[in-house]
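Working notes, beginning with the structure itself.
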Amino acid sequence: MRKRIAVGLCALTVGFVSLFGTMGPAVAQKDKTDKTAEKVAGPPKFLYGHDLRVRPGGETDWVKANKVGYEVFEVQDEAVPAIVAISETGAISVIRKASLGEKKTCDWLTAHDMSVRKAGEANFSSKTKKFGVELFRDNGAKHLLYVCETASIAFAPLQATLVKDKGPKWHHALEPKVRAPDQTGFENAKRVGLEVFKDENTGGLIYITDIGAIASASAPSAHPDPNKIAPPRTEYGLVLKVRGAREPDFTDKTKRVGVEVFSDANADNQFLYLTEAGYVAVAPKPASFKTDAKGVTWKGAMALAARKGGVKGFDGATKYGIEVFEDNRTGHLIFISETGSIAVLPVAK
């Protein structure tokens, strides 16, 4: 854990409706080949944005922190009841739609250094990549928010008891394989280094891959035996089509992203959704897992703009295409960005 050494570094809200431009920061996309396309609602509603300061791994000095642009939108579709956050690099996180907090500020809480081994790197060493991760309280979303130096983001539930002076504790590590869209077998599939830490401040887990992509999850009641870590169990694979922000229709040239779904026996068999780009999302295994179902159902799409840190207006902001699918086996909603970033909204209990 890295101590805060400066004050007054809370991020500022920087959303200005007058600067959106004629198209605004969000656009709804449709699938003209889908008969339900006419049901897709209007573009997501922009809620607020922040500049969030994130220090590189190993740094304690805020002077060396980078500003990360972070935007929050509300999906205007009853079939997709979500609030979507997106960073300046197109990394995403989602939570279920709910009432917003009166204040839209974002308060810094604490920070972590997380060492992540690459695939094939057996032991931690001085050469192991160390990522800086800051923890904020997003008062608008009423959630905790992890932000990595890579601009990967992850919402987490706001805990009733929260401390700010403890570090992350290594929980377990995995090395799953992810197939590209044209690969049927795992023999030559890409291996991804994945570390899992327990945040002793919140009690939850943080999954982080070797590219610095993060996801949050609940922690099991017992810590796994470090000598008996179970490998990830492959459940099934998906190939998802994701259009770019300015790509109106699905075509044979539309980008395809390979996604593997694993269960993690070291964490209550929660499901990991891992993309070939190295992004990860975590969701609980539902009680009504449909083993006889296959594939996904397209639910909608959007193009969201995200400003770089320090930029006030949306003119020139990069827009990212995001598709939304229902996982037919679990009922979870899968959000996937054209960058390969993935987020999962669990099915309502």
Side-chain angles (χ1 to χ4, degrees), residues 1-5 54-61 64-66 68 91 109-135 144 146-154 156 163-178 186 189-234 260 262-268 270 272-282 341:
M1 185 197 68
R2 292 170 289 144
K3 296 288 187 179
R4 186 178 186 179
I5 59 172
V54 184
R55 292 163 291 181
E59 293 291 346
T60 58
D61 194 341
K64 297 182 180 180
N66 295 314
V68 174
L109 296 176
T110 191
H112 300 307
D113 283 326
M114 295 184 176
S115 295
V116 184
R117 291 165 292 182
K118 295 180 180 179
E121 185 179 356
N123 301 310
F124 289 106
S125 72
S126 60
K127 296 182 180 180
T128 300
K129 174 64 178 177
K130 186 181 294 183
F131 292 98
V133 178
E134 310 281 352
L135 176 61
L144 298 173
Y146 291 96
V147 185
C148 185
E149 64 177 86
T150 60
S152 179
I153 56 177
V163 297
K164 299 184 290 184
D165 59 352
K166 295 183 178 181
K169 182 178 181 181
W170 185 85
H171 197 266
H172 64 282
L174 305 171
E175 195 173 290
K177 288 185 175 182
V178 185
F186 284 94
K190 178 181 178 181
R191 293 188 298 166
V192 177
L194 177 61
E195 308 285 349
V196 186
F197 296 89
K198 182 175 182 180
D199 187 341
E200 298 284 273
N201 300 288
T202 67
L205 296 182
I206 305 169
Y207 285 73
I208 180 167
T209 71
D210 55 16
I211 68 163
I214 57 176
S216 68
S218 60
S221 57
H223 196 286
D225 185 336
N227 297 316
K228 297 180 180 179
I229 300 299
R233 174 182 172 180
T234 302
E260 302 291 349
F262 304 92
S263 56
D264 186 357
N266 310 288
D268 293 333
Q270 295 181 92
L272 311 182
Y273 290 74
L274 186 64
T275 73
E276 59 180 299
Y279 288 90
V280 64
V282 186
S341 178

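All heavy atoms count here, side chains included; hydrogens, waters and symmetry mates do not.
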(Q) Any non-hydrogen side-chain atom of Val196 less than 4.5 Å from a side-chain atom of Asn266? (A) no
Q.
Using the side-chain contact (heavy atoms from CB on, under 4.5 Å) criterion, which residues pair with Lys64? Sequence neighbours excluded.
A. Glu59
Q: Specify the closest pair of heavy atoms between Ile206 and Met114, including all atoms of both residues, with the distance to one decimal.
A: CD1-CE, 3.1 Å
**Q.** Non-hydrogen atoms of Ala151 and Ala91 that approach each other most closely
**A.** O-CB, 3.5 Å
Q | Which atom of Glu200 lies closest to which atom of Gly167, heavy atoms considered | A | CG-O, 3.2 Å
Q) To the nearest 0.5 Å, what is the distance between OG (Ser263) and CG (Leu272)? A) 8.0 Å
Q.
Test of understanding: with side-chain contact (heavy atoms from CB on, under 4.5 Å), list the residues that count as partners of Ser221, not counting sequence neighbours.
A. none
Q. For Ala277, which residues count as a side-chain contact (heavy atoms from CB on, under 4.5 Å) partner, sequence neighbours excluded?
A. Thr275, Tyr279
Q.
The criterion is side-chain hydrogen bond (donor to acceptor under 3.5 Å, both in side chains); which residues satisfy it with Thr202, sequence neighbours excluded?
A. Tyr146
**Q.** Pairs where residues 206-219 contributes a residue and the test side-chain hydrogen bond (donor to acceptor under 3.5 Å, both in side chains) is met, not counting sequence neighbours
**A.** Tyr207-Asp264, Ser218-Gln270
(Q) I need the Leu194 CG to Leu174 CG distance, nearest 0.5 Å. (A) 5.0 Å
Q: Answer whether the closest heavy-atom distance between the side chains of Ile153 and Val68 falls below 4.5 Å.
A: no
Q | For Glu195, all residues meeting salt bridge (charged side-chain N to carboxylate O under 4.0 Å, His left out), sequence neighbours excluded | A | Arg117
Q | Residue list, side-chain hydrogen bond (donor to acceptor under 3.5 Å, both in side chains) with Arg191, at least two apart or on another chain | A | Glu175
Q) With sequence neighbours left out, what residues match Glu121 under side-chain hydrogen bond (donor to acceptor under 3.5 Å, both in side chains)? A) Thr128
**Q.** Spacing of CZ belonging to Arg55 relative to OG1 belonging to Thr60, to within rounding of 0.5 Å
**A.** 7.0 Å
Q.
Applying side chain to side chain contact (heavy atoms under 4.5 Å, CB included) to Thr234 and Phe186, what does each step give before you reach the verdict?
A. CA-CA 11 Å; Thr234 302; Phe186 284 94; 3.9 Å; yes
Q.
Is it the case that atom NZ in Lys198 sees more than 12 heavy atoms from other parts of the structure closer than 6.0 Å?
A. no
Q: Check step by step if side chain to side chain contact (heavy atoms under 4.5 Å, CB included) holds for Asn66 and Val54.
A: CA-CA 5 Å; Asn66 295 314; Val54 184; 5.7 Å; no
Q: Quick one: closest heavy-atom pair of Ala215 and Ala281, and the distance?
A: CB-CA, 4.0 Å
Q.
Testing the basics here: between Cys148 and Gly212, what is the closest heavy-atom pair and its distance to 0.1 Å?
A. SG-O, 3.4 Å
(Q) For Lys130, give me all partners under salt bridge (charged side-chain N to carboxylate O under 4.0 Å, His left out), at least two apart in sequence or on another chain. (A) none
Can you give the donor-acceptor pairs under 3.5 Å from side chains of residues 224-231 to other protein atoms, not counting sequence neighbours?
residue, atom, partner, partner atom, Å
Asp225, OD1, Asn227, N, 2.9

Q. Considering only heavy atoms from C-beta outward, does the side chain of Ile211 approach that of Thr150 to under 4.5 Å?
A. no
Q) How close do Gly193 and Val116 get, heavy atom to heavy atom, and via which atoms? A) O-CG1, 4.3 Å
Q) Taking Thr110 for the side chain and Lys164 for the main chain, is one N or O donor matched with an acceptor at less than 3.5 Å? A) yes
Q. How would you list, by chain and number, every residue that makes a ring-ring contact (aromatic ring centres under 6.0 Å, His included) with His171, sequence neighbours excluded?
A. His223
Q: Carefully, step by step, assess Val178 and Glu260 under the rule side chain to side chain contact (heavy atoms under 4.5 Å, CB included).
A: CA-CA 6 Å; Val178 185; Glu260 302 291 349; 3.7 Å; yes
